[in-house]
Asks: 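Structure incoming, see below.
Bear in mind that the values here come from a model prediction, so they are computed numbers and not experimental data. Throughout, a chain's letter reflects where its sequence line sits, starting with A, and its residues are numbered from 1. Reckoned from all heavy atoms, side chains included, excluding hydrogens, waters and symmetry mates.
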Amino acid sequence: MPVRIQCEDFDSGREIAALRRGNSGIGAIASFIGVVRDVNDGERVAEMTLEHYPGMTEKSIAGIIDQAKARWRVFDALVVHRVGLLKPLDQIVLVVVTGAHRGDAFAACEFIMDYLKTRAPFWKKEQTVEGERWVEARASDDVAAERWRLKG
Amino acid sequence: MITVLYFARLREAFGTASEQIALPAGVRDLASLQELLRGRGGAWAEELAEGRPVRAAVNQDMARGDTRIADGDEIAFFPPVTGG
C-alpha cells in the first residue's frame, strides 16, 4: 500500500528497504521526514493532535502520488502519515520516492510533500501554555504548491 | 438523504461530527447547501459565512460552490488543511 495513515511511529530505514527490495534498476532514493517542532508561531508547543478524514485522506494522497508518477520518471513512492497525539521530536510524515536518477526522485518527493500540505485533509491542533489552538493554514504552503503548476 | 461530515474547528463549533439531512428541493449544489446550514444561525451562520476559509468535499473529492450534490452523497465541510 503506497499510502498509510497510522497512530504508530515509523522506521524510515525499514520502509525504504521494503520499497526498494529486489529492484536493481533503482539508482536514487529521495526521502523526506517531517517532525514536530517545539515552537510554532512564537508559542511553545507541548503536544499536538492530528486529525484526518478517513477514506478521503488516503484517496487524495494516492492521487498526488499518481500525479507525481505521471510527471517524473520514478519507480515507486510511499507516504506514511501519523495521526493522533504527537509531541515535539516525534516524526509526523515520511515520503520516499525511488527512481533511476536523483533529479526526478528529488522533484517528485518535494512535489508530493508540497501537494500533501495543501490538499490532503489533515488538521493539527496544538496544545500550548496559552491553551489549545487549531493551526492556521500558511500562505507560504500555497505558494510552494502553486510553483509546481508554473514549472514546465 | 445526504450525509454531512464536519471536521476539526467546524466539528467543535457545531458540536457534531456528522448528520443525515433530507435534501430539500432546490438544494442542488454545495453553495445552496452551505446557505441552508447557515440559516440555522449561531455557530453555523458564523463559521459558514461567506468569506470564511471553509473547504468542502463531495464524495471525498475537493469541491466548489457550484459542485452538484444529490441524494446519497457524502458531503464534508472543513477548514483549510494543515497536515505534513
Side-chain angles (χ1 to χ4, degrees), chain A residues 3 5 32-37 40-41 48-64 79-84 86 91-95 109-126 132-142 144-145, chain B residues 1-21 29-31 33-34 37 42-84:
Chain A
V3 180
I5 312 298
F32 171 86
I33 298 173
V35 301
V36 182
R37 274 194 316 274
N40 190 29
D41 288 335
M48 67 163 64
T49 310
L50 258 150
E51 175 181 337
H52 76 303
Y53 179 174
M56 180 175 171
T57 305
E58 292 85 345
K59 184 177 159 183
S60 73
I61 297 173
I64 292 166
V79 172
V80 181
H81 202 301
R82 296 177 70 192
V83 290
L86 296 172
Q91 303 188 108
I92 307 175
V93 59
L94 169 70
V95 180
C109 185
E110 193 174 15
F111 169 88
I112 289 169
M113 200 53 218
D114 284 347
Y115 268 45
L116 183 153
K117 296 257 338 169
T118 52
R119 288 160 171 76
F122 291 100
W123 301 275
K124 287 187 184 123
K125 186 186 215 179
E126 293 174 340
E132 289 187 337
R133 63 178 186 189
W134 287 101
V135 174
E136 299 280 330
R138 290 175 193 275
S140 60
D141 287 333
D142 287 327
Chain B
M1 300 289 274
I2 56 168
T3 303
V4 188
L5 309 176
Y6 308 104
F7 290 94
R9 195 190 67 237
L10 297 187
R11 184 193 64 247
E12 289 186 348
F14 301 155
T16 184
S18 75
E19 62 178 319
Q20 302 276 320
I21 298 177
D29 63 19
L30 205 50
L33 175 64
Q34 194 166 336
L37 296 171
W44 300 87
E46 194 178 315
E47 295 288 348
L48 300 174
E50 288 192 52
R52 290 280 288 174
V54 174
R55 304 285 182 267
V58 175
N59 297 325
Q60 305 192 351
D61 284 319
M62 292 298 275
R64 303 183 319 176
D66 61 2
T67 302
R68 309 280 288 180
I69 57 176
D71 221 31
D73 282 349
E74 177 180 295
I75 321 284
F77 290 100
F78 44 80
V81 303
T82 55

Asks: Could you check whether the rings of B:F14 and B:Y6 sit parallel, tilted or perpendicular, using 30° and 60° as the cut-offs?
Replies: perpendicular

Asks: For A:K125, is it the side chain, the backbone, both or neither that has a heavy atom under 4.5 Å from a heavy atom of chain B?
Replies: side chain

Asks: Are the side chains of A:I92 and A:H81 in contact, using a 4.5 Å heavy-atom criterion?
Replies: yes

Asks: Between A:E126 and A:N40, which heavy-atom pair has the shortest distance, and what is it?
Replies: OE2-ND2, 2.6 Å

Asks: With a 4.5 Å heavy-atom cut-off (strictly below), which parts of residues 75-84 of chain B touch chain A? List them by number.
Replies: B:A76, B:F78, B:P79, B:P80, B:V81, B:T82, B:G83, B:G84

Asks: Just how far is it from atom CZ of A:F32 to atom CE of A:M113, taken to the nearest 0.5 Å?
Replies: 4.5 Å

Asks: Should A:T57 and A:V83 count as side-chain neighbours, where that means a heavy-atom distance under 4.5 Å?
Replies: no

Asks: What are the residues of residues 47-60 of chain B, in order of number, with any heavy atom under 4.5 angstrom from a heavy atom of chain A?
Replies: B:A57, B:N59, B:Q60

Asks: So A:V79 and A:I64, do their side chains get closer than 4.5 Å, heavy atoms only?
Replies: no

Asks: Is chain B contacted by the side chain of A:T118, its backbone, both, or neither, given a heavy-atom distance below 4.5 Å?
Replies: backbone

Asks: Can you tell which part of A:K59 gets under 4.5 Å to a heavy atom of chain B, answering side chain, backbone, both or neither?
Replies: side chain

Asks: CG of A:D114 to CG of A:D142: how many Å apart, nearest 0.5 Å?
Replies: 10.5 Å

Asks: Which atoms of A:R119 are under 4.5 Å from chain B, going by heavy atoms: the side chain, the backbone, both sets, or neither?
Replies: backbone

Asks: For the pair A:L50 and A:R82, evaluate side-chain contact (heavy atoms from CB on, under 4.5 Å) and give the outcome as yes or no after the intermediate values.
Replies: CA-CA 8 Å; A:L50 258 150; A:R82 296 177 70 192; 5.7 Å; no

Asks: Could you check if a side-chain atom of B:D73 sits within less than 4.5 angstrom of a side-chain atom of B:R68, using non-hydrogen atoms only?
Replies: no

Asks: Nearest 0.5 Å please: distance from the CD1 atom of B:I2 over to the CD atom of B:E74.
Replies: 10.5 Å

Asks: Distance check, rounded to the nearest 0.5 Å: A:F122 atom CZ versus A:I5 atom CD1?
Replies: 3.5 Å

